[in-house]
Every structure is written in structure tokens, then in C-alpha cells.
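This report refers to the structure that appears directly beneath it.
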Amino acid sequence: MSARAKTALLQLAASAAAVALAFLTGALIMLLVGVNPLAVYSALFEGVLLNPYGLAQIIFKSTPLMLTGLSVAFAFRAGLFNIGAEGQMIMGGCCCALAGFSLKGLPWLIHAPLCIIAAMAGGMLWAALPGYLKAKRGAHEVITTIMMNFIAAALTNYFVMARFHEPETVHTASIMPSAFLPRLAALSSFFKGSPANAAFFIGLAACALAGWLLWKTALGYEIRAVGLSPDAAAVSGISVARKTMSAFLIAGALAGLASVNFVMGYKHYFEEDFTGGAGFMGIAVALVGQNNPAGVLAAALLFGALSHGTLVINALVPKDIVLILQALLIIFVITFDGIARRYAAANFGEKA
Amino acid sequence: MSLDGIFSLALLSQTVRISVPYVLAALGATISETGGVVNIALEGLILTGAFCAVLGSHYSGNPWVGVMAAMTGGIFVSLIHAVVCIRFRANQIISGLAINILAAGATKFFLKLIFHSSSNSSRVAGLPHWSFFGLDRAPVIGAIVSDSLILAAALLVFASYCLIYKTPFGLRLRAVGEHPECAETLGVSVYFMRCAGVMLCGVLAALAGAWLAFDQHQFSADMSGGRGYIALTAMIFGKWNPLWAALAAALFGLAEAFQIQLQTVGVSVPTQFIQMIPYVLTVVLLAGVIGKSRAPAADGKPYPGEE
């Protein structure tokens with residue numbers, strides 16, 4: 001077996017061990033408070049994986065996570081840490097809803113794509129400033145994107161409350177039906193009662209496209225080169241500032257796109273906290289998915305399943321156990337991943 | 001009511017009350033990052049501190065036990081950050097985010113199990129008030145100078161400054177934050193110093209949480225409400241110096257208090273714009289428009305580094 005294959009196998013084993021240990025620790029916590037973990041886990045398994053509604057909910061819940069995960073992973077390939085997916089998703093959702101309810105009388109074929117573009121543009125806009133500050137001023141993107149998250153939340157909150165809110169509610173007006181994304185339930189009765197919608201296919205397409213962009217195009221090659229070593233990339237004639245900016249804009253567009261699942265496919269309006277923390281969870285998804293699109297897809301499905309699981313197990317144990325499980329998963333993944341990488345570097349001579 | 005009613009003692013007392021958790025958490029972050037460990041787990045530490053404070057005083061009936069419990073909780077949660085980031089050299093930002101999720105989940109989990117509510121705990125008594133020379137009976141400021149946690153916070157600002165800049169411990173801490181290889185060569189244990197920094201941060205941020213809990217006489221879900229991140233901006237704004245960080249924290253507190261006072265006299269500034277101030281200022285600062293704020297050189301970098 002080649003050193004590279006051995007390393008990949010070892011990393012996969014490390015991820016599996018991390019998942020197992022997270023569930024084991026979760027079980028210990030449940031035992032400690034006198035809850036039978038086996039009952040909880042089997043309810044989780046049955047409620048989520050063994051019934052059509054559960055599967056449809058996984059699709060619905062994993063769609064935004066896929067896109068925010070992809071956003072974080074894409075930026076990570078350029079050596080950038082995008083903590084700002086949350087804010088970018090919020091701005092994307094706001095722009096998407098704005099285009100959705102203010103443009104009237106357009107056919108679906110024009111209106112829906114316009115709203116999708118608006119969502120991407122909103123995310124891009126919010127990623128542009130941290131990207132610029134990183135590329136031109138060397139400002140650390142972690143701090144600036146955290147700040148941009150809070151500014152996005154406050155700003156959209158102001159606009160929704162002061163300008164665009166529907167009387168008696170805390171959300172904007174509904175978008176036009178010409179901007180609705182079709183529900184999967186319209187395609188097959190399998191998805192009956194679930195808000196799963198066509199945004200899932202947008203997510204899948206984005207995964208494929210991101211993979212193609214990163215590994216099959218010159219831009220992707222240059223972005224990865226900058227991520228591996230900015231100095232080496234600069235010496236070989238790649239503009240580090242430019243690639244940093246491009247990577248940030250694409251990451252922003254992906255995070256903005258994550259909002260269409262809710263705004264165009266589910267509630268058809270913008271409201272505060274509609275993200276449900278998907279922007280932050282995207283960081284965990286990218287991490288567990290090893291920053292590659294196929295991994296992100298798998299991790300998004302896992303996190304989507306856990307997220308739906310909160311409803312299934314709430315009768316047995318406080319549903320917040322799922323947050324604990326997700327946090328433990330992240331902690332074990334980063335710990336084990338480092339151990340595996342160092343072991344591989346020392347024993348197979350492979351730098352992963 | 002005239003506008004000068006705004007610049008009153010009420011404004012001062014409101015500013016102090018809002019600033020205390022910012023100041024305490026910002027001091028913690030400053031100490032941790034001086035040693036080279038980025039700690040964005042402040043939010044989780046505040047929640048942990050608040051919950052443990054309520055738990056401790058709920059079971060013992062003594063708020064001081066609550067304070068001890070908060071500090072213990074802070075140390076315990078910091079231990080996770082230390083093991084993951086220092087021992088296993090994992091990414092400090094991701095660990096911090098995970099701890100924030102963990103604390104949010106765990107506090108709500110135990111809130112439901114212990115207090116059978118998904119929103120708040122039962123009521124607990126606050127800390128007893130000191131009385132120096134009857135000062136506690138002075139109007140408005142009496143409540144400030146007689147509150148033990150406010151006094152502790154004020155003392156801790158100077159204590160943190162002295163710790164970092166006037167003691168051998170502080171010198172070593174700064175050394176491992178600036179140049180860990182060099183410090184190790186001189187016989188300073190990078191592991192030990194960084195762990196100590198992270199633990200101190202845990203204690204201080206947990207105290208911030210205890211203050212919140214005693215101020216509101218209860219724990220409520222997600223009561224940290226982004227304060228950990230404001231403390232983080234105060235640290236950056238204060239250029240990683242405890243005195244300046246505390247001043248920045250007080251400034252952000254003043255802005256919020258000012259907005260509340262404006263509202264009471266009927267001038268309404270949208271809350272959202274006041275809330276944005278610390279974040280916008282930090283972005284502007286990082287853009288290099290108003291001077292430079294520089295982190296310790298090895299801040300966020302694991303030791304030993306990857307080859």
C-alpha cells in the first residue's frame with residue numbers, strides 16, 4: 001500500500017473513532033443522569049433512518065449545512081478560515097427575500113434564478129470586506145468574519161423590524177409564488193409532509209461544482225497552491241491577494257446560497273435567526289468532511305440527521321443532548337485528526 | 001425631561017453593571033492570548049460560570065459557594081480547551097467554537113433535568129453587600145461600591161496588569177506567547193505556562209458568568225448573549241493589554257448604557273446600531289485605519305509547531 005493510501009486510511013479510521021467516542025461519551029453522560037442510552041440511540045436510529053419522514057427531514061436539514069460546510073471548506077483550501085458563513089448566509093437570505101417580494105409579475109423561470117443569484121450576491125457582498133482586508137491589509141479573517149456575523153445579524157434585524165416586517169409578525173412579507181422552489185413532496189409521496197425541497201439539488205450541484213473548480217481548473221489549482229504555501233505560490237507567479245479575494249467571494253456565495261432552502265423552499269420569508277446556526281455548524285461539517293466536497297456531503301447528512309434527531313428523542317432525554325454530541329464530535333475529530341496526521345508524518349513519511 | 005438627565009449617576013451605574021462581565025471576560029482572554037492560546041470559548045465559559053453559580057447557591061443557599069462553583073466550572077471547561085489545544089495541538093479556534101456549543105448544550109440539558117424548565121432556573125439570592133463607612137447607602141453609586149463582584153472586577157484589572165507586566169510569571173507567559181521555542185530553551189515550560197494562562201482565563205470568564213447570574217438572580221438559557229464576543233473585541237481594541245482592554249470594555253458598556261438612558265428620556269436610537277458599535281469599531285481597527293493592534297507573535301500557534 002502506498003504511503004498516501006495508508007495515510008488516507010488512517011485518517012478515515014481516526015474520524016470513525018472520533019464519531020464512536022463522541023457517541024460513547026454521550027452515552028456515559030446519559031447513564032450519569034439515569035437515562036438509558038441504548039433506548040435513546042435506538043429511538044434516534046428508528047425515528048431518523050427507518051422512516052420516510054425522517055429521511056426526508058435529513059435531506060431538508062442537511063441542505064443548508066452542505067452549503068455552509070462547502071463555504072468553509074472552500075475557503076480552507078485557500079488557507080482561510082471563514083467563520084463568517086453565518087453572517088453571509090443571513091445577508092444572502094435577506095437579499096433573496098428582498099428580490100423575492102419586491103420583484104413582481106416575473107415568470108418562475110426568471111424570478112427563481114434571480115432570487116438565487118440575489119442570495120449568492122448577498123453572501124458575496126458580506127465576504128468581500130473580510131476578503132479585502134485579509135488580502136490587502138493582512139487583517140486576520142477569523143476576527144473580521146466574527147465581527148461581520150454580528151453586524152449582519154444587527155443590520156438585518158433593524159431592516160426587518162423597521163422597514164420590511166409584516167404587521168403583527170417578526171418576519172418580512174412573503175416572497176412571490178413565482179420565486180418558490182418546488183417541494184420534493186410534489187415529486188413523490190415518499191416526501192409527504194416534509195419541507196424538503198429542490199434546494200437539496202442545488203446543494204448537490206454545488207458540491208460537484210466546488211470539486212470540479214478546486215481540482216480541475218486553473219483557478220482551483222492556484223487557490224490550493226496559495227492554501228498550501230502562500231510564499232511558494234507567490235514565487236511561482238500567483239497573486240496571493242487575488243486568489244484570497246476569489247476564494248472568499250466564492251465561499252461567501254456558497255454560504256449565501258444556503259439561505260434559499262429556508263427562504264425559497266420552506267417559509268418563503270426572511271426572519272431573524274432563520275439560519276438555526278447553520279453557519280457555525282458548517283465549520284463542524286467542513287472539519288468532519290476533511291474539507292473535501294464528498295466528505296462535506298457525508299458530514300452534512302450526519303449533522304442533518306442529528307439535528308432532526310432532537311425531535312425524536314425529546315421525550316426520553318432533554319433534546320440538548322444532541323448539541324452536546326455535536327460538540328463532542330468536533331472536539332474528538334480535531335484531536336484525533338492531529339494525532340493521525342502526526343503519526344502518518346512520522347511513520348509513512350507522508351505529509352497529509 | 002431635559003437631555004442632561006442622561007449624564008447622570010444612573011448612567012454611571014448602568015455602565016458599570018453592563019461592563020463588569022465584559023471586563024472580566026476580556027481580562028481572561030488577554031491573559032490566555034498573552035500566553036499564545038486563542039480563547040474564543042469565552043461565551044461558553046460565561047454560560048458555564050453562570051450556571052454553576054446558580055447551581056452552587058441553589059444547593060447550598062450560600063452565594064459564595066456559587067462563586068466557588070463557577071470558578072471550578074470555568075477551570076473544568078478550560079481544561080478541555082487546554083488538553084485539546086495544548087496537549088494535542090488542535091486548532092484553537094475550532095476547539096473554542098466546540099466548547100461554546102458544548103456549554104450551550106450542557107447548560108440547557110442540566111437546566112431541564114435540574115430545574116425542569118427550558119428557559120430559566122429558580123431564583124437565587126445575590127451576593128451580600130459590603131458596607132464601608134456607610135458608602136453603600138449613598139444614592140446610586142452606593143450599589144456599585146458595595147457590590148463585591150464589581151469591586152473584585154476593578155481589583156482584577158490591576159491585578160492582571162501587574163501579573164502580566166510586573167511578575168516573573170507574567171514575563172514567562174509573555175515569552176511563551178511571543179517566542180515559545182526561545183522560552184523553552186531558557187527552561188520555561190511552554191505547556192505549563194500556556195495551561196496556566198488558559199485556566200486563569202477560565203476563572204475570570206466564569207466570574208463574568210457568576211456576575212450575570214447574581215445580577216439577574218437566575219440562570220436563563222443562552223444568557224451570555226454574545227458577551228463573550230464583545231469581550232473578545234475589547235481585548236483586540238485594548239491591544240492585548242489588560243488596562244486598555246478593560247477600558248475598551250467599559251466604553252462598550254457606556255455605549256449600551258447611553259442607549260438605554262436615551263430610551264428612558266424618549267429619544268429612540270435603534271438598539272441594533274448601538275449593538276453594532278464594538279464590532280464595527282473592531283473591523284475599522286483591524287483595517288488599520290485607526291492605528292494597529294498586534295497580537296502576541298505565537299498567538300494561536302500550537303507548540304511545538306508542525307515541521
Side-chain angles (χ1 to χ4, degrees), chain A residues 29 33-35 81 83 129-130 132-134 136-144 146-159 161-162 277 280-281 283-284 286-287 317-339 341-342 345 351, chain B residues 38 40 44 80-81 83-85 87-95 97-114 118 221 226 229-230 232-233 236 270-289 293 295 299-300 302 306-307:
Chain A
I29 294 172
V33 299
V35 174
F81 204 166
I83 309 271
L129 185 64
Y132 173 80
L133 291 179
K134 171 77 179 180
K136 293 286 176 194
R137 298 263 182 176
H140 204 305
E141 77 279 8
V142 167
I143 306 291
T144 51
I146 290 176
M147 301 303 126
M148 294 300 277
N149 285 342
F150 284 103
I151 298 173
L155 202 63
T156 54
N157 179 269
Y158 171 72
F159 276 111
M161 287 310 174
F280 289 116
M281 251 343 152
I283 299 163
L287 180 80
V317 63
K319 65 177 192 313
D320 310 290
I321 187 75
V322 171
L323 274 183
I324 299 179
L325 281 176
Q326 286 171 332
L328 289 171
L329 187 60
I330 301 169
I331 289 171
F332 286 127
V333 164
I334 52 174
T335 308
F336 284 25
D337 185 59
I339 297 173
R341 254 183 312 119
R342 282 189 287 272
K351 270 190 91 169
Chain B
V38 171
I40 65 167
I80 303 177
H81 195 55
V83 170
V84 171
C85 298
R87 170 66 187 83
F88 289 107
R89 294 183 268 162
N91 187 306
Q92 299 168 2
I93 289 154
I94 300 179
S95 169
L97 285 171
I99 287 172
N100 287 342
I101 298 173
L102 183 68
T107 51
K108 280 189 269 191
F109 181 78
F110 288 107
L111 185 65
K112 236 169 267 179
L113 284 176
I114 296 168
S118 53
Y229 290 102
I230 294 194
L232 206 66
T233 66
I236 298 166
T271 339
Q272 294 92 342
F273 288 103
I274 304 289
Q275 285 169 348
M276 263 187 245
I277 290 175
Y279 309 118
V280 172
L281 281 178
T282 305
V283 173
V284 172
L285 177 76
L286 289 171
V289 183
S293 179
D299 198 15
E306 310 275 339
E307 56 291 333

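All chains are named by letter (A, B, ...) in the order of the sequence lines, taking the proteins before the strands, and each is independently numbered beginning at 1. What you see below is based on every heavy atom in this structure, not just the backbone, and it leaves out hydrogens, waters and symmetry mates.
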Can you tell which part of [X] gets under 4.5 Å to a heavy atom of chain B, answering side chain, backbone, both or neither?
X	result
A:F332	neither
A:I283	side chain
A:L155	both
A:I321	both
A:V317	side chain
A:L329	neither
A:I339	side chain
A:I146	side chain

Gap separating the [atom1] atom of [X] from the [atom2] atom of [Y], nearest 0.5 angstrom:
X	Y	atom1	atom2	value
B:L286	A:H140	CG	NE2	10.0 Å
B:T282	A:M148	OG1	CE	12.5 Å
A:L323	B:K108	CG	NZ	5.5 Å
A:T335	B:I94	OG1	CD1	10.5 Å
B:L232	A:M147	CG	CE	5.5 Å

| Looking only at heavy atoms, which two atoms of A:A327 and B:A98 are closest? And how far apart? | CB-O, 3.4 Å
| query | Which heavy atom in A:A154 sits nearest to a heavy atom in B:Q275, and how many Å separate them? | reply | CB-OE1, 4.3 Å
| task | Would you please test B:F110 and A:V33 for side chain to side chain contact (heavy atoms under 4.5 Å, CB included) and show each step? | result | CA-CA 9 Å; B:F110 288 107; A:V33 299; 3.7 Å; yes
Would you call [X] and [Y] a side-chain contact if the rule is heavy atoms closer than 4.5 Å?
X	Y	result
B:I101	A:I330	yes
A:I324	B:L102	yes
A:N149	B:Y229	no

| task | Would you mind checking which part of B:I80 comes under 4.5 Å of any heavy atom in chain A, side chain (CB onward), backbone (N, CA, C, O), both or neither? | result | side chain
| field | For chain B, the option from A:Y132, A:F81, A:F336 that forms the most heavy-atom pairs under 4.5 Å | value | A:F81
| Top contributor to chain B contacts, counting heavy-atom pairs under 4.5 Å, from A:N157, A:L133, A:T144 | A:N157
| said: Once you measure the plane-to-plane angle for A:Y158 and B:F273, does it fall in the parallel (<30°), tilted (30-60°) or perpendicular (>60°) bin? | reply: perpendicular
| field | Choice from B:V84, B:L111, B:T233, B:I93 maximising heavy atom contacts with chain A below 4.5 Å | value | B:I93
| said: Run the side chain to side chain contact (heavy atoms under 4.5 Å, CB included) test on A:I29 and B:F109 for me, step by step, so that the C-alpha distance in whole Å, both residues' side-chain angles and the decisive distance to 0.1 Å come before the verdict. | reply: CA-CA 11 Å; A:I29 294 172; B:F109 181 78; 4.0 Å; yes
| request: For side chain to side chain contact (heavy atoms under 4.5 Å, CB included), just list the numbers for B:N91 and A:L287, CA-CA rounded to whole Å, side-chain angles, deciding distance to a tenth of an Å, and then say yes or no. | output: CA-CA 11 Å; B:N91 187 306; A:L287 180 80; over 6 Å; no
